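Have a look at the structure below before the remarks.
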Amino acid sequence: IMRAVIYARYSSNLQNETSVDDQAEVCRRYIDQQGWTAGKIYSARAASGGSAFSAGYQPLLADVDSAQFDVVVCEALDRLGRKLADVATPYDQLQFRSIVLHTVNRGSITTVDIGNLGTMTQLFLSDVKEETKRGQLGRAREGWLTGSQAYGYALIKGKTGKRSILENQAAIVRKIFANYAKR
């Protein structure tokens, strides 16, 4: 009987924390359908798919050499990561140890899947970054806060994210920029 482990991840603290549990349940059902034995669940909560250094991902990779499992199951390939290298490198490690990778939405993952899907997820991540920058630019141009509270601004009560200039602090900011421009 094949021994399967689960990897589940959700991207940000703005998402539902139960996402990892929901992914694990979907993976457990897949494992049951295959007739495998479900083992450990590796998870990363509020961890970007743009980084392979999440708390749940690194222990999974560390355990690859221990021969504790035969199959890694995740809901979709983008749960492992959104960068091609972050998906291809562990895939190579799994292959070297004869551990197979399965996703609920595609089944057994092949080298061709890694190339195609890995490239697509990386392109998606790139698109998300550009869309986020564009959205932040638009909000900033309209006077809305796009990140943490900046020196020289105050939030307008009752208007989430809308800001106003604090003239006493703005004078200091203007002086700093003027001095820098004179250099």
Side-chain angles (χ1 to χ4, degrees), residues 1-136 146-148 160:
I1 286 189
M2 300 282 274
R3 300 164 298 160
V5 296
I6 296 168
Y7 180 75
R9 176 187 64 79
Y10 75 93
S11 301
S12 81
N13 56 8
L14 299 176
Q15 291 177 303
N16 190 334
E17 274 193 46
T18 64
S19 178
V20 164
D21 299 328
D22 296 342
Q23 289 174 51
E25 179 59 28
V26 169
C27 291
R28 264 193 226 94
R29 290 176 185 210
Y30 180 84
I31 290 167
D32 289 345
Q33 288 172 352
Q34 305 308 311
W36 302 333
T37 301
K40 189 172 182 176
I41 298 172
Y42 298 86
S43 64
R45 296 173 188 270
S48 168
S51 173
F53 300 104
S54 70
Y57 198 53
Q58 289 303 309
L60 170 66
L61 297 181
D63 287 349
V64 166
D65 292 333
S66 67
Q68 296 177 28
F69 49 87
D70 309 296
V71 182
V72 174
V73 178
C74 53
E75 183 181 33
L77 195 58
D78 69 349
R79 298 299 85 204
L80 280 180
R82 294 207 189 262
K83 290 184 179 176
L84 179 56
D86 291 346
V87 176
T89 300
Y91 178 77
D92 286 344
Q93 286 178 271
L94 294 172
Q95 290 292 102
F96 182 76
R97 295 289 180 202
S98 298
I99 298 170
V100 292
L101 175 61
H102 276 249
T103 62
V104 174
N105 67 347
R106 295 191 70 83
S108 180
I109 298 297
T110 67
T111 303
V112 172
D113 293 324
I114 292 297
N116 290 336
L117 297 172
T119 300
M120 295 307 293
T121 58
Q122 186 162 342
L123 289 172
F124 173 78
L125 182 61
S126 178
D127 289 348
V128 167
K129 285 180 186 176
E130 292 306 313
E131 290 167 3
T132 300
K133 286 180 190 176
R134 183 190 69 235
Q136 288 176 332
T146 62
S148 60
T160 305

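Just so you know, these numbers come straight off a predicted model, no measurement behind them.
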Check: Does some side-chain heavy atom of Lys40 sit less than 4.5 Å from a side-chain heavy atom of Asp63?
Finding: yes
Next item on the list: Could you pull out the closest heavy-atom pair between Ser43 and Val20, with the gap in Å?
Entry: CB-CG1, 3.5 Å
Next item on the list: Find out whether Leu80 and Thr103 are in side-chain contact, i.e. whether some heavy atom of one side chain is under 4.5 Å from a heavy atom of the other.
Entry: no
Check: Can you tell me if Arg3 uses its side chain to pair, donor with acceptor, with the backbone of Asp70 under 3.5 Å?
Finding: no
Checklist line | Candidates Val64, Leu94, Ile6 - the one meeting side-chain contact (heavy atoms from CB on, under 4.5 Å) with Val72 | finding: Leu94
Note to self: Using every non-hydrogen atom in the two residues, find where Asn105 and Ala76 come nearest and quote the distance to one decimal.
What the structure shows: ND2-CB, 3.6 Å
Notebook entry, point to check: At their closest point, which heavy atom of Ala4 faces which heavy atom of Trp36, and how far apart are they?
Noted result: CB-CE3, 4.0 Å
Next item on the list: Kindly give the heavy-atom pair with the smallest separation between Leu101 and Tyr91, and that separation in Å.
Entry: CD2-CD1, 4.1 Å
Next item on the list: Only counting residues at least two apart or in another chain, list the ones meeting salt bridge (charged side-chain N to carboxylate O under 4.0 Å, His left out) with Asp65.
Entry: Arg97
Notebook entry, point to check: Is there a side-chain contact between Leu61 and Gln58 (heavy atoms, below 4.5 Å)?
Noted result: yes
Checklist line | Thr110 and Asp113 side chains, donor-acceptor separation under 3.5 Å | finding: yes
Checklist line | Nearest atoms (heavy-atom pairs only) where Glu75 meets Cys27 | finding: N-SG, 3.5 Å
Item checked: Distance-minimising heavy-atom pair for Val100 and Met2 -> CG2-CE, 4.2 Å
Margin query: If the condition is side-chain contact (heavy atoms from CB on, under 4.5 Å), which residues does Thr37 pass it with, not counting sequence neighbours?
Written below: Ile1
Notebook entry, point to check: Taking C-beta and beyond as the side chain, do Ile41 and Arg28 meet within less than 4.5 Å on heavy atoms?
Noted result: yes
Notebook entry, point to check: Roughly how far apart are Arg9 CZ and Leu60 CG, rounded to 0.5 Å?
Noted result: 13.0 Å
Item checked: Distance (rounded to the nearest 0.5 Å) between Glu25 CD and Asp22 CG -> 8.5 Å
